[in-house]
2 protein chains.
Amino acid sequence: MTGSTHSPAEDTGPAPDRPTGTAGRPIRVLLAEDQSMVREALAALLGLEPDIEVVAQAARGDEVLAAARAHAVDVALLDIEMPGRTGIEAAAELRAALPELKVVVLTTFGRPGYLRSAMEAGAVAFLVKDAPAAQLADAVRRVLAGERVIDPTLAAAALAEGANPLTDREREILRAAADGATNAELAAALHLSQGTVRNYLSTAIQKLAARNRTEAVGIAREKGWL
Amino acid sequence: MTGSTHSPAEDTGPAPDRPTGTAGRPIRVLLAEDQSMVREALAALLGLEPDIEVVAQAARGDEVLAAARAHAVDVALLDIEMPGRTGIEAAAELRAALPELKVVVLTTFGRPGYLRSAMEAGAVAFLVKDAPAAQLADAVRRVLAGERVIDPTLAAAALAEGANPLTDREREILRAAADGATNAELAAALHLSQGTVRNYLSTAIQKLAARNRTEAVGIAREKGWL
DNA sequence: ACATCCGCATGACAGATGTCATGCGGACAG
DNA sequence: CTGTCCGCATGACATCTGTCATGCGGATGT
């Protein structure tokens with residue numbers, strides 16, 4: 001357990017040099033998370049660190065880019081599950097518009113597929129909310145120093161899983177089927193024959209080693225492939 | 001419908017010094033939440049309040065009772081989704097063992113069924129993590145003063161929904177079907193005929209106004225009836 | 001004591017779902 | 001250029017799933 005780590009005195013270790021250029025000024029952080037209570041609690045936590053300042057908050061994925069631009073942010077902390085845009089989509093957007101900015105993805109679920117997508121979207125760190133709180137401030141400092149911060153266990157799992165085996169069509173149909181749509185509706189919505197829809201579902205079920213669509217949806221969700 | 005109702009009886013029994021913010025000792029809080037980062041962030045947030053002290057933390061539902069006993073806790077803050085025991089189950093346990101203790105249930109999902117179960121288990125407050133962070137400390141103080149704290153919108157939704165319409169059997173089967181089990185397996189596991197299983201699912205589907213088992217599971221989950 | 005309601009249980013039937021064999025066309029290595 | 005692979009697409013067939021009519025037994029209210 002990494003319980004109480006409030007010792008600013010011994011904090012001299014990981015900060016021999018401020019990699020953001022201007023020495024001495026606090027690290028400017030954007031925090032994006034849809035649940036107010038969690039967001040503000042995380043802000044309080046980071047506020048305890050003398051060298052970190054939360055200068056912007058966002059409750060929706062589609063507010064992230066504007067907020068980052070408006071506040072000259074050094075590091076963006078993004079939750080994945082957000083309304084408007086997922087943290088992953090927001091990360092891709094940030095990389096395109098503000099390539100200097102370091103993106104940390106912070107999520108409830110340590111799904112290998114999420115890690116993979118996050119890295120592909122340009123994130124340099126991936127944290128799960130299960131991890132000790134001390135890792136949060138730590139990760140902020142380390143990404144600014146140019147490091148990548150990834151839980152080794154999760155990285156191994158992501159590599160072991162391999163990539164998402166589902167094709168675009170299969171994912172599309174599985175996602176729609178997850179909401180309870182009957183495959184006649186799917187066929188109509190996608191302008192396909194009913195048999196074709198069934199066939200995609202069938203191959204998806206086989207690829208995921210499931211016994212029916214319900215289980216297939218569960219497995220795909222669990223791995224972050226949906 | 002919210003806090004305006006005080007309990008007339010059973011109030012101010014053994015309290016020479018009201019532990020409320022006035023002049024007494026700080027309020028002793030137990031915080032139970034499985035995600036370390038969120039738990040410690042919430043602890044940091046509460047730690048900013050001068051009259052509140054987080055004296056115990058639990059990462060699992062089955063650690064709650066022992067922790068509450070060991071630290072003479074005034075208020076327990078319980079997340080619902082936890083390993084070991086749900087926050088609801090832990091609340092029932094606390095009410096049985098430590099009836100003085102005020103229980104606040106704190107959850108990600110504002111599901112009406114959750115609210116209902118929480119109140120039946122003896123919780124006196126129900127907060128969603130979507131709410132502003134200030135409500136957390138506020139709720140702690142108010143429950144200690146004998147108030148109940150419930151989001152009026154959610155309370156209205158819970159009343160409008162009515163109670164869980166599913167019978168025990170239906171819930172049991174729907175829950176199992178949610179994992180992707182085929183109903184032949186369900187029949188074997190529950191020592192029923194296959195037709196019977198289908199029938200339970202059928203009535204569940206009708207009660208929930210769903211079109212198939214998948215959608216029924218989704219609806220039941222959303223309402224907190226699973 | 002009785003009628004009534006409700007949960008539990010079953011099998012027959014129709015319609016939805018999953019599997020299979022088959023074919024088309026683009027990408028890619030040789 | 002050609003053979004091969006893979007994603008996309010379809011219809012026929014067998015199985016699974018959802019609905020219905022029916023019946024049993026315990027609780028409830030009168």
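Chain identifiers are assigned alphabetically (A, B, ...) following the order of the sequence lines, protein sequences preceding nucleic acid strands; residue numbering begins at 1 within each chain.
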Inset, instruction - Rounded off to whole Å, could you give me the CG-to-P distance for the A:Asn183 and D:dA9 pair? - result: 16 Å
Legend entry - Nearest listed nucleotide, side chain of B:Asn199, among C:dC13, D:dC20, C:dT19: D:dC20
Inset, instruction - Ignoring hydrogens and angles, tell me if any N or O in the side chain of A:Arg28 forms a donor-acceptor pair with the backbone of A:Asp74 under 3.5 Å. - result: no
Inset, instruction - Round to a whole Å and report the spacing from CG of A:Leu190 to P of D:dC8. - result: 12 Å
Inset, instruction - Please check if the side chain of A:Arg148 supplies one atom and the backbone of A:Val124 the other of a donor-acceptor pair under 3.5 Å. - result: no
Legend entry - Under-4.0 Å side-chain N/O to phosphate OP1/OP2 contact, A:Ser202 with C:dT19: yes
Inset, instruction - Report which part of the nucleic acid A:Gln206 touches: base, sugar-phosphate, or nothing (heavy-atom distance under 4.0 Å, all strands). - result: sugar-phosphate
Legend entry - Value in whole Å for how far the C1' atom of D:dT19 lies from CZ of B:Arg198: 10 Å
Inset, instruction - May I have the distance from B:Tyr200 (atom OH) to D:dC20 (atom P), rounded to whole angstrom? - result: 18 Å
Inset, instruction - To the nearest Å, give me how far apart CD (B:Glu185) and P (D:dC16) are. - result: 11 Å
Inset, instruction - Check B:Ala131 against A:Ser36 and note the closest heavy-atom contact, atom names and distance. - result: O-CB, 3.4 Å
Legend entry - Validation row: B:Leu101, B:Leu94 side chains within 4.5 angstrom (heavy atoms): yes
Legend entry - Short side-chain N/O contact to D:dT10 OP1/OP2 from A:Thr196, under 4.0 Å: yes
Inset, instruction - Considering just the side-chain nitrogens and oxygens of B:Arg213, establish if one lies under 4.0 Å of OP1 or OP2 belonging to D:dG18. - result: yes
Legend entry - Any A:Arg169 side-chain nitrogen or oxygen under 4.0 Å from OP1 or OP2 of D:dA9: yes
Inset, instruction - Using whole Å, report how far CG of A:Leu201 lies from C1' of D:dC16. - result: 15 Å
Inset, instruction - Grab the CD-C1' distance between A:Glu170 and D:dA9 for me, whole Å please. - result: 13 Å
Inset, instruction - Indicate, with a heavy-atom threshold strictly under 4.0 Å, whether A:Ser193 touches base, sugar-phosphate, or nothing. - result: sugar-phosphate
Inset, instruction - Looking at every strand, decide which applies to B:Thr167 at a 4.0 Å heavy-atom threshold: base, sugar-phosphate, or nothing. - result: sugar-phosphate
Legend entry - Atom-to-atom span, CD of B:Gln194 to P of C:dC13 - whole angstrom: 17 Å
Inset, instruction - Using a heavy-atom cut-off of under 4.0 Å over every strand shown, decide if B:Asn212 touches base, sugar-phosphate, or nothing. - result: sugar-phosphate
Legend entry - Salt-bridge contact B:Asp79-B:Lys129 (side-chain N to carboxylate O under 4.0 Å): yes
